[in-house]
Amino acid sequence: MNTLNFARAARAALIAAATGGLNSAALADIKDYKFELVDQTVQAGPDKVVTARLINTKTGKAVPDAVIFATRLDMAPDGMQEMATKVVPVPGAEPGTYKFKATFGMAGRWQLSLGAKVQGETGTVEGKLVIAAQK
(Lines give C-alpha, C1' and ligand atoms only; values in the text may rest on other atoms or scores of the structure.)
Protein backbone atom coordinates (compact mmCIF):
# COMPACT_ATOMS: atom_id res chain seq x y z
CA MET A 1 0.00 0.00 0.00
CA ASN A 2 2.87 2.45 0.71
CA THR A 3 4.16 2.01 -2.84
CA LEU A 4 0.72 2.81 -4.28
CA ASN A 5 0.37 5.94 -2.11
CA PHE A 6 3.89 7.06 -3.04
CA ALA A 7 3.13 6.61 -6.76
CA ARG A 8 -0.08 8.66 -6.42
CA ALA A 9 1.73 11.39 -4.50
CA ALA A 10 4.52 11.49 -7.09
CA ARG A 11 2.01 11.68 -9.94
CA ALA A 12 0.11 14.50 -8.18
CA ALA A 13 3.36 16.39 -7.61
CA LEU A 14 4.32 16.08 -11.30
CA ILE A 15 0.89 17.28 -12.43
CA ALA A 16 1.05 20.23 -10.02
CA ALA A 17 4.53 21.16 -11.23
CA ALA A 18 3.49 20.97 -14.88
CA THR A 19 0.35 23.01 -14.25
CA GLY A 20 2.28 25.56 -12.23
CA GLY A 21 4.78 25.93 -15.06
CA LEU A 22 1.99 26.60 -17.53
CA ASN A 23 0.40 29.17 -15.26
CA SER A 24 3.62 31.14 -14.81
CA ALA A 25 4.21 31.16 -18.58
CA ALA A 26 0.65 32.35 -19.14
CA LEU A 27 1.29 35.37 -16.91
CA ALA A 28 3.60 36.86 -19.56
CA ASP A 29 1.66 38.82 -22.15
CA ILE A 30 2.75 40.69 -25.24
CA LYS A 31 0.57 43.57 -23.98
CA ASP A 32 3.09 44.03 -21.15
CA TYR A 33 5.50 45.69 -23.60
CA LYS A 34 5.43 49.14 -25.14
CA PHE A 35 7.61 51.45 -27.18
CA GLU A 36 8.40 54.98 -26.04
CA LEU A 37 10.44 57.76 -27.60
CA VAL A 38 13.64 58.91 -25.94
CA ASP A 39 13.20 62.41 -27.48
CA GLN A 40 9.82 63.72 -28.62
CA THR A 41 11.25 66.24 -31.09
CA VAL A 42 13.75 66.30 -33.96
CA GLN A 43 14.96 68.93 -36.39
CA ALA A 44 13.46 68.65 -39.87
CA GLY A 45 15.98 67.59 -42.50
CA PRO A 46 17.94 64.61 -43.82
CA ASP A 47 19.63 61.86 -41.81
CA LYS A 48 18.02 62.55 -38.44
CA VAL A 49 18.22 59.83 -35.78
CA VAL A 50 15.23 58.86 -33.66
CA THR A 51 15.63 56.61 -30.63
CA ALA A 52 12.88 54.41 -29.23
CA ARG A 53 12.99 52.30 -26.10
CA LEU A 54 11.10 49.02 -25.66
CA ILE A 55 9.84 48.70 -22.08
CA ASN A 56 8.37 45.83 -20.08
CA THR A 57 5.55 47.70 -18.34
CA LYS A 58 5.39 45.24 -15.43
CA THR A 59 9.06 45.58 -14.52
CA GLY A 60 9.77 49.04 -15.94
CA LYS A 61 12.96 47.69 -17.52
CA ALA A 62 14.16 48.13 -21.08
CA VAL A 63 13.95 45.00 -23.25
CA PRO A 64 17.14 44.21 -25.20
CA ASP A 65 17.45 41.95 -28.25
CA ALA A 66 13.94 42.42 -29.65
CA VAL A 67 13.69 41.84 -33.37
CA ILE A 68 12.31 44.93 -35.08
CA PHE A 69 10.78 43.73 -38.33
CA ALA A 70 8.36 46.51 -39.28
CA THR A 71 9.07 50.22 -39.51
CA ARG A 72 7.18 53.06 -41.14
CA LEU A 73 7.51 56.82 -40.79
CA ASP A 74 4.78 59.06 -42.17
CA MET A 75 2.82 62.20 -41.42
CA ALA A 76 -0.42 60.41 -40.46
CA PRO A 77 -0.95 62.61 -37.35
CA ASP A 78 -1.26 65.63 -39.67
CA GLY A 79 -3.56 63.76 -42.10
CA MET A 80 -0.83 63.06 -44.67
CA GLN A 81 -0.30 59.27 -44.49
CA GLU A 82 1.00 59.35 -48.08
CA MET A 83 3.91 61.56 -46.92
CA ALA A 84 6.14 58.62 -45.95
CA THR A 85 9.91 58.35 -45.81
CA LYS A 86 12.46 55.54 -45.65
CA VAL A 87 13.55 54.36 -42.20
CA VAL A 88 16.97 52.76 -41.69
CA PRO A 89 17.90 51.00 -38.42
CA VAL A 90 21.21 52.04 -36.85
CA PRO A 91 22.97 50.40 -33.90
CA GLY A 92 21.59 51.39 -30.49
CA ALA A 93 23.87 52.72 -27.76
CA GLU A 94 22.16 51.09 -24.78
CA PRO A 95 20.48 47.70 -24.43
CA GLY A 96 16.76 48.07 -25.02
CA THR A 97 17.09 51.15 -27.25
CA TYR A 98 16.48 51.03 -30.97
CA LYS A 99 17.69 53.80 -33.28
CA PHE A 100 16.45 54.73 -36.72
CA LYS A 101 17.73 57.20 -39.29
CA ALA A 102 15.28 59.00 -41.57
CA THR A 103 14.70 62.17 -43.51
CA PHE A 104 12.06 64.46 -42.04
CA GLY A 105 11.16 66.36 -45.21
CA MET A 106 9.13 69.05 -43.49
CA ALA A 107 8.17 70.35 -40.07
CA GLY A 108 5.12 68.76 -38.48
CA ARG A 109 4.03 65.63 -36.64
CA TRP A 110 5.43 62.34 -37.89
CA GLN A 111 4.35 58.88 -36.78
CA LEU A 112 6.93 56.13 -36.32
CA SER A 113 5.15 52.77 -36.51
CA LEU A 114 7.11 49.79 -35.17
CA GLY A 115 6.54 46.05 -35.00
CA ALA A 116 8.76 43.79 -32.94
CA LYS A 117 9.13 40.25 -31.65
CA VAL A 118 10.30 39.78 -28.07
CA GLN A 119 12.28 36.63 -27.36
CA GLY A 120 10.24 34.10 -25.41
CA GLU A 121 6.91 35.82 -26.10
CA THR A 122 4.13 34.96 -28.53
CA GLY A 123 2.73 37.76 -30.65
CA THR A 124 3.93 41.11 -31.88
CA VAL A 125 4.60 44.33 -29.99
CA GLU A 126 3.24 47.22 -32.01
CA GLY A 127 3.85 50.87 -31.35
CA LYS A 128 2.86 54.16 -32.95
CA LEU A 129 5.02 57.02 -31.71
CA VAL A 130 4.50 60.67 -32.64
CA ILE A 131 7.57 62.80 -33.23
CA ALA A 132 7.45 66.57 -33.73
CA ALA A 133 9.81 67.73 -36.48
CA GLN A 134 10.77 71.37 -36.07
CA LYS A 135 12.34 73.88 -38.47
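Source: prediction; values computed, not measured.
Pairing each heavy atom of A66 with each of A116, the nearest pair is CB-CB, 4.5 Å. Nearest heavy atoms, K135 versus A107: CG-CB, 3.7 Å. V130 approaches Q40 most closely through the heavy-atom pair O-OE1, 4.0 Å. Heavy atoms only, all atoms of each residue included: A76 and Q111 are closest at CB-NE2, 4.1 Å. Taking every heavy atom of both residues into account, G96 and A62 meet most closely at CA-CB, 3.9 Å. Shortest non-hydrogen contact noted between T122 and I30 is O-CB, 3.6 Å.
A distance of 11.0 Å separates CE of M75 from CD1 of I131, quoted to the nearest 0.5 Å. In this structure, the separation between CG on D29 and CD on E121 is 7.5 Å, given to the nearest 0.5 Å. Taking NZ of K58 as the reference point, atom OH of Y33 lies at 9.5 Å (rounded to 0.5 Å). Once rounded to the nearest 0.5 Å, the distance linking CG of L37 with OG1 of T51 reads 9.0 Å. Here the NZ atom belonging to K34 is positioned 11.0 Å from the CG atom belonging to N56, to the nearest 0.5 angstrom. S113 contributes atom OG, which lies 8.5 Å from atom CG of L73 (distance to the nearest 0.5 angstrom).
Among the candidates I55, L112, I68, the single residue satisfying the side-chain contact (heavy atoms from CB on, under 4.5 Å) test with F35 is I68.
Side-chain N or O atoms of T57 include one that pairs as donor or acceptor with a backbone N or O of D32 at under 3.5 Å.
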Please test T85 against D74 for side-chain contact (heavy atoms from CB on, under 4.5 Å), starting from the C-alpha separation and ending with a verdict. CA-CA 6 Å; T85 189; D74 60 38; over 6 Å; no
Could you go step by step and tell me if T103 and K86 meet the side-chain hydrogen bond (donor to acceptor under 3.5 Å, both in side chains) rule? CA-CA 7 Å; T103 296; K86 183 178 176 183; over 6 Å; no
Could you walk me through whether Q43 and K48 pass the side-chain contact (heavy atoms from CB on, under 4.5 Å) test, one step at a time? CA-CA 7 Å; Q43 291 296 313; K48 302 301 177 184; 4.2 Å; yes
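Side-chain contact between L54 and V118 is present, with at least one heavy-atom pair separated by less than 4.5 Å. Between F69 and T124 there is a side-chain heavy-atom pair separated by less than 4.5 Å. In this structure, V49 and F100 have side chains that are not in contact, with every pair of non-hydrogen atoms separated by 4.5 Å or more.
The side-chain hydrogen bond (donor to acceptor under 3.5 Å, both in side chains) search around E36 returns R53, not counting sequence neighbours.
For residues 101-135, the pairs satisfying ring pair (Phe, Tyr, Trp, His ring centres under 6.0 Å) are F104-W110, with sequence neighbours left out.
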